[in-house]
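Treat the numbers as computed from the prediction; the structure is a model and nothing was measured. In the text below, chain A, chain B and the rest are named by the order of the sequence lines, each starting its count at 1.
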Amino acid sequence: MGADAAGSGAPIERPEGRYLHGVPDADLKVVGKPWRKIDARARVTGQTRFADDLFAPRMAYCKLLRSTQAHARIVRIDASAAEAMEGVYAVLLGKDLPITFGILPVSQDEHTLCIDKVRFVGDPVAAVAAVDEDTAWEACRKIVVEYEALPLVTDVFTAAATDPEAPHEHRIHDYGRLGNFHRQENLEFGDLAQGFGESDLVREDFFFFEGNTHLPMEEHATLATFDPDGKLCVQSSTQTPHYLHRALAKVLAEHVPAHKIRVIACPNGGGFGGKSDPFSHEIAVAMLSIRTGRPVKVTLTREEVFYTHRGRHPVLMRSRIGVSRSGRIKALDFETHLDGGAYGSYGTASTFYTGALQCVTYHVENYWFRGARYFTNKAPCGPKRGHGTPQPRFALEVQMDKLAVELGLDPVRIRKDNLVPANSLTANWMRVGTMALGRCIDQVVAGSGFLDRWQKLPHGKGVGLACSSYLSGAGLPIYWNAMPHSGVQLKLDRSGLVTVFCGSTDIGQGSNSILAYVVGEVLGLDPQDLRIVTSDTDLTPVDLGSYSSRVTLMTGNAALQAAERARDLIAPHVADKLGVPRNRIGFAKGRVFDVSDPDQGMPFADAVQLAESKLGTIGTTGSYRPPKSPARYKGGGVGPSANYSFTAAVVEVDVDPETGIYTVPRIFVAHDIGRSINPCLVMGQVEGSVYMGLGEAMMEEMSYRSDRFGVHKIPSMLDYKSPTTMEMPELITWLVGDPDPNGPFGAKEAGQGPLLPIMPAVANAVFDAVGVRVDEVPITPEKVFEGIERARKGKEPRVGPTKTPHVDWPEARKVRTPWQGGTGLEVEREQEELAAARANGGASRERRGD
Amino acid sequence: MSPREAPDRRKTLGEFRVNGERREVAYEPHRTLLEVLREDLDLTGTKHGCELGECGACTVLVDGVPVLSCLTLAQEVEGCAIETIEGMADKGELHPLQDFFAELGASQCGYCSSGFMLASKALLAQNPSPSRDEIRVALSGNLCRCTGYVKIYEAVELAAKKLRGEPCEPSRECTHGR
């Protein structure tokens with residue numbers, strides 16, 4: 001990255017400059033150290049202002065009236081009694097905001113407030129702004145809504161059976177494929193018939209992963225302020241201020257233009273994916289503020305948070321796998337059925353994600369993926385930590401365990417023999433770079449004594465192994481564009497202060513601190529001395545948001561570029577002043593100096609002043625977008641990433657064979673992080689992921705009463721069980737890996753991958769303990785007990801699904817694998833491309849976005 | 001309007017002792033301690049995760065005992081010594097619990113941290129050398145979704161050591177893994 005007087009230029013696709021992955025740890029002053037987070041003090045003193053901590057003069061309180069019906073036509077809605085109440089400033093109905101929105105361009109299927117029909121219990125139908133919350137609640141109760149019930153769909157079998165010829169109202173949405181199918185995808189890589197033909201053993205298994213929710217400690221809240229000068233400011237507990245900005249601009253187009261809308265993401269009190277969609281309550285308070293000329297705040301109750309959801313999809317799966325006698329995977333035919341709930345949300349991406357990462361841990365020679373997403377009358381599902389990949393990972397890892405037992409191999413051997421090599425392409429064209437899964441497995445196997453204990457422990461005690469992988473950021477943005485995914489601006493002040501501006505949102509993972517560590521390392525400054533300004537669409541360059549484990553890698557690379565450019569602006573002037581060659585200038589400990597004679601130099605502030613005297617105000621930018629993916633087929637936009645993290649876990653269980661009640665005494669986990677930018681924060685992400693995975697494995701589930709209008713059974717923190725201190729086991733963690741060339745300083749993600757192996761490792765451990773296969777998540781004591789009972793009665797000791805809905809799949813898009821000489825395109829388009837290339841004399845075709 | 005439709009919202013005047021200061025508040029008598037702290041006294045460091053007594057985020061100390069401020073009527077605690085997170089640091093000097101919650105990242109998003117630290121403070125006042133199991137039990141009414149509780153245990157143990165005047169460096173295992 002050469003000196004650039006403008007301090008800006010084209011986005012980078014991988015780190016450049018002095019701080020490549022190859023820099024030895026010993027040469028790094030900031031990176032790799034367990035610093036406390038730059039905002040830690042505010043977080044432990046109660047000074048961090050979350051969205052509901054904001055109050056403004058003349059502020060009105062908003063409450064939403066939500067549907068009591070799961071699927072119904074709105075026949076009549078009368079808000080006159082509410083409007084007449086003292087203390088009510090405004091009432092908003094669906095017709096006031098007729099423009100639809102949704103996180104993905106392909107599913108703009110939500111109204112801020114329902115207009116003609118409701119699709120799940122909890123769907124918002126009206127919004128009130130009033131002098132206080134009590135008045136707003138009372139006003140909501142005075143709004144009369146007359147519903148006419150429509151046929152209820154609460155499971156994928158019913159959804160699949162919706163008669164395409166039936167009257168229109170049987171469909172929950174009038175888009176998507178026929179009936180209540182939202183998506184149907186069919187992708188075939190390689191030659192499945194040949195792969196199964198070459199297999200010595202073929203197994204077919206069915207699995208079910210129940211839905212569960214993020215349960216962030218903070219309930220969603222938003223404060224909207226419309227100024228007399230026509231500008232709107234929305235402060236919200238959102239992980240994606242940029243996408244919220246776009247949704248507000250679309251829905252409020254007639255009221256306020258995009259450039260007059262400012263979105264500030266408040267620090268999130270936990271996100272986990274649950275604050276990644278634009279939400280009705282965010283748009284409603286914006287409109288109410290426009291209507292009333294007052295700041296308007298809304299804070300959801302915990303019950304509303306359950307209905308707002310966007311969490312883990314329930315997924316029913318069928319997996320047919322063919323292996324050689326030695327356990328090499330010849331063919332995998334994998335089918336997923338996602339119960340999407342009432343809206344699209346991220347569901348199109350979720351559908352592809354249930355198939356995208358099945359080949360990045362173990363080499364699969366031929367791969368067939370079919371995925372269907374259904375609309376049902378339940379709270380909408382979306383992205384939760386691991387987005388669409390924990391369900392298929394559960395299936396694959398349990399199936400690997402079954403294969404090992406059937407082939408007389410051990411679970412370690414079958415996995416290690418199948419590992420995807422580093423720097424290779426998978427059957428579905430995912431590019432794997434550095435890959436330390438083998439070391440992760442070795443670490444947890446040795447650390448837990450797995451091989452001495454597996455199949456050898458007394459009845460009731462067991463150990464289970466499972467592995468996983470996750471992406472460090474999605475390779476494509478949510479809406480198709482060629483702009484950077486992350487931008488960073490630096491402002492260098494004469495005082496020596498460096499201010500970092502970035503659109504990223506700290507949801508507790510420490511992304512603000514990552515910016516400070518990266519810039520501090522390059523400019524030789526104490527990270528605590530930097531000023532970090534983030535997640536404000538008026539002030540900061542766009543970062544797409546805190547999702548898909550993208551923030552450290554993408555903002556880190558953008559910050560690296562901006563900081564390198566700042567160095568390049570300053571160094572020549574210091575060199576001239578000192579009378580030394582430019583390549584001898586170093587930055588460390590708040591000084592800029594001659595590396596051959598470190599006493600010769602000046603404080604950083606003096607260096608900035610020197611540069612400012614010559615160049616004027618000092619500012620730089622950095623921007624990043626992920627490398628282009630070789631997966632060029634339609635549907636290949638989901639799954640590619642700059643790099644992949646890997647995790648292995650061993651879980652111990654202690655099962656009471658009389659009751660099925662079990663505990664988890666210890667978990668061993670090893671995570672391939674590449675290189676940690678801050679190992680202490682990585683440890684926190686790994687530990688938190690393992691915890692959340694354990695909750696999903698043992699107890700967490702979203703369950704609805706299909707016989708009572710699809711109402712949620714347990715929308716409270718007491719009844720929706722999540723692990724407390726009493727359930728959390730001892731956790732032994734290793735961070736392993738080699739710096740990855742695509743990550744800043746070699747970093748990979750940490751916030752999602754380590755969740756994934758926990759559910760299958762628990763299932764495999766339960767089998768080791770009592771010989772029962774629970775092919776379902778959560779693995780509740782009831783299910784374990786049922787399996788034990790079945791064994792006693794001489795039946796197959798297995799609990800789980802036995803079928804999937806019938807689907808008339810569309811014709812497969814066939815893609816040749818890299819080892820078949822494929823090009824990453826569908827076979828059909830390969831031929832088109834070839835013909836076009838012949839016609840154009842070799843000009844290559846631009847890739848198509850999905 | 002009938003009385004049923006227009007509830008009596010007239011305020012009462014109460015006096016609270018919060019973080020060692022006397023505070024006079026005019027508040028609606030049905031208000032909870034949580035509401036009075038956050039909305040009348042602007043002490044927003046006390047959080048809410050459910051307002052049903054299920055999550056522990058709103059924990060404050062009343063006469064040194066952890067209570068759920070969302071289930072406590074403000075009227076019940078007039079005259080009691082109330083401690084919130086804002087009163088935990090001493091003239092800008094962090095309490096050892098705050099210090100180690102910050103140091104280890106036991107506070108990730110930080111939303112549950114006030115409740116955890118106050119519950120821990122009450123524990124350490126009673127039991128200066130708690131075992132890990134005793135810490136587990138004392139904190140079992142507080143939910144955290146970020147940390148898996150691991151860093152919280154380690155922070156409480158280190159703070160206890162510091163309060164006992166013992167060496168209290170975080171282990172390498174805790175900050176870097178094995």
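Note that the NE2 atom of B:H48 and the CG atom of A:D53 stand 7.0 Å from one another [nearest 0.5 Å]. Here the straight-line distance linking atom OG of A:S716 with atom CG of B:L52 works out to 7.0 Å at 0.5 Å rounding.
Ranking B:M117, B:Q98, B:E39 against chain A, the residue ahead of the rest is B:Q98, based on heavy-atom pairs under 4.5 Å. Of the listed residues (A:P679, A:G46, A:A40), the one with the most heavy-atom contacts under 4.5 Å to chain B is A:P679. Across B:S140, B:S114, B:G105, the residue that shares the most heavy-atom pairs under 4.5 angstrom with chain A is B:S140. By number of non-hydrogen pairs under 4.5 angstrom with chain A, the leading residue of B:A89, B:G45, B:C146 is B:C146. Ranked by non-hydrogen atom pairs under 4.5 Å with chain B, the options A:D134, A:V690, A:L681 are led by A:D134.
A salt bridge is absent between B:K47 and A:D52; no separation between the charged side-chain nitrogens and carboxylate oxygens falls under 4.0 Å. By the 4.0 Å N-to-carboxylate-O rule, A:E700 lies close enough to B:R145 to be salt-bridged with it.
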For B:V137 and A:M726, what are the C-alpha separation, side-chain angles and deciding distance, and is it a side-chain contact (heavy atoms from CB on, under 4.5 Å)?
CA-CA 7 Å; B:V137 172; A:M726 304 306 284; 3.9 Å; yes
Could you go through B:T175 and A:K33, starting from their C-alpha distance and side-chain angles, then the distance that decides it, and tell me whether this counts as side-chain contact (heavy atoms from CB on, under 4.5 Å)?
CA-CA 9 Å; B:T175 56; A:K33 311 283 186 287; over 6 Å; no
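Under the 4.5 Å side-chain criterion, counting only non-hydrogen atoms from C-beta, A:R41 is in contact with B:L94.
In this structure, chain B has heavy atoms under 4.5 Å from both the backbone and the side chain of A:Q685. With a 4.5 Å cut-off on non-hydrogen atoms, B:M88 does not touch chain A at all. For a residue to count as touching a neighbouring chain, one of its non-hydrogen atoms must lie under 4.5 Å from one of that chain's; by this rule A:H671 does not touch chain B. Of the two parts of A:T301, neither the backbone nor the side chain holds a non-hydrogen atom closer than 4.5 Å to a non-hydrogen atom of chain B. For chain B, the nearby part of A:T299 is the side chain; its heavy atoms alone come within less than 4.5 Å. In this structure, chain A has no heavy atom under 4.5 Å from any part of B:D133.
Of all the heavy atoms in B:S107 and A:R43, the pair that sits closest is OG-CB, 3.7 Å. Nearest heavy atom pair, residue B:C109 against residue A:N268, reads CB-O, 3.4 Å.
Distance alone, capped at 3.5 Å, places no donor-acceptor pair between the A:R49 side chain and the B:T44 backbone. Side chain of A:R302 to main chain of B:G49: a donor-acceptor pair is present (N/O by atom type, distance under 3.5 Å, no hydrogens or angles). Checking side-chain atoms of B:Y153 against main-chain N and O of A:T725 turns up a donor-acceptor pair under 3.5 Å.
Applying the 6.0 Å contact sphere to CD of B:E169 captures no more than 12 heavy atoms from other residues, nucleotides or ligands.
Each of B:I152, B:V150, B:T147 was compared with A:E687 under the side-chain contact (heavy atoms from CB on, under 4.5 Å) criterion, and only B:V150 meets it. Each of B:S113, B:C55, B:C144 was checked for a side-chain contact (heavy atoms from CB on, under 4.5 Å) with A:M217, and the lone residue meeting it is B:C55.
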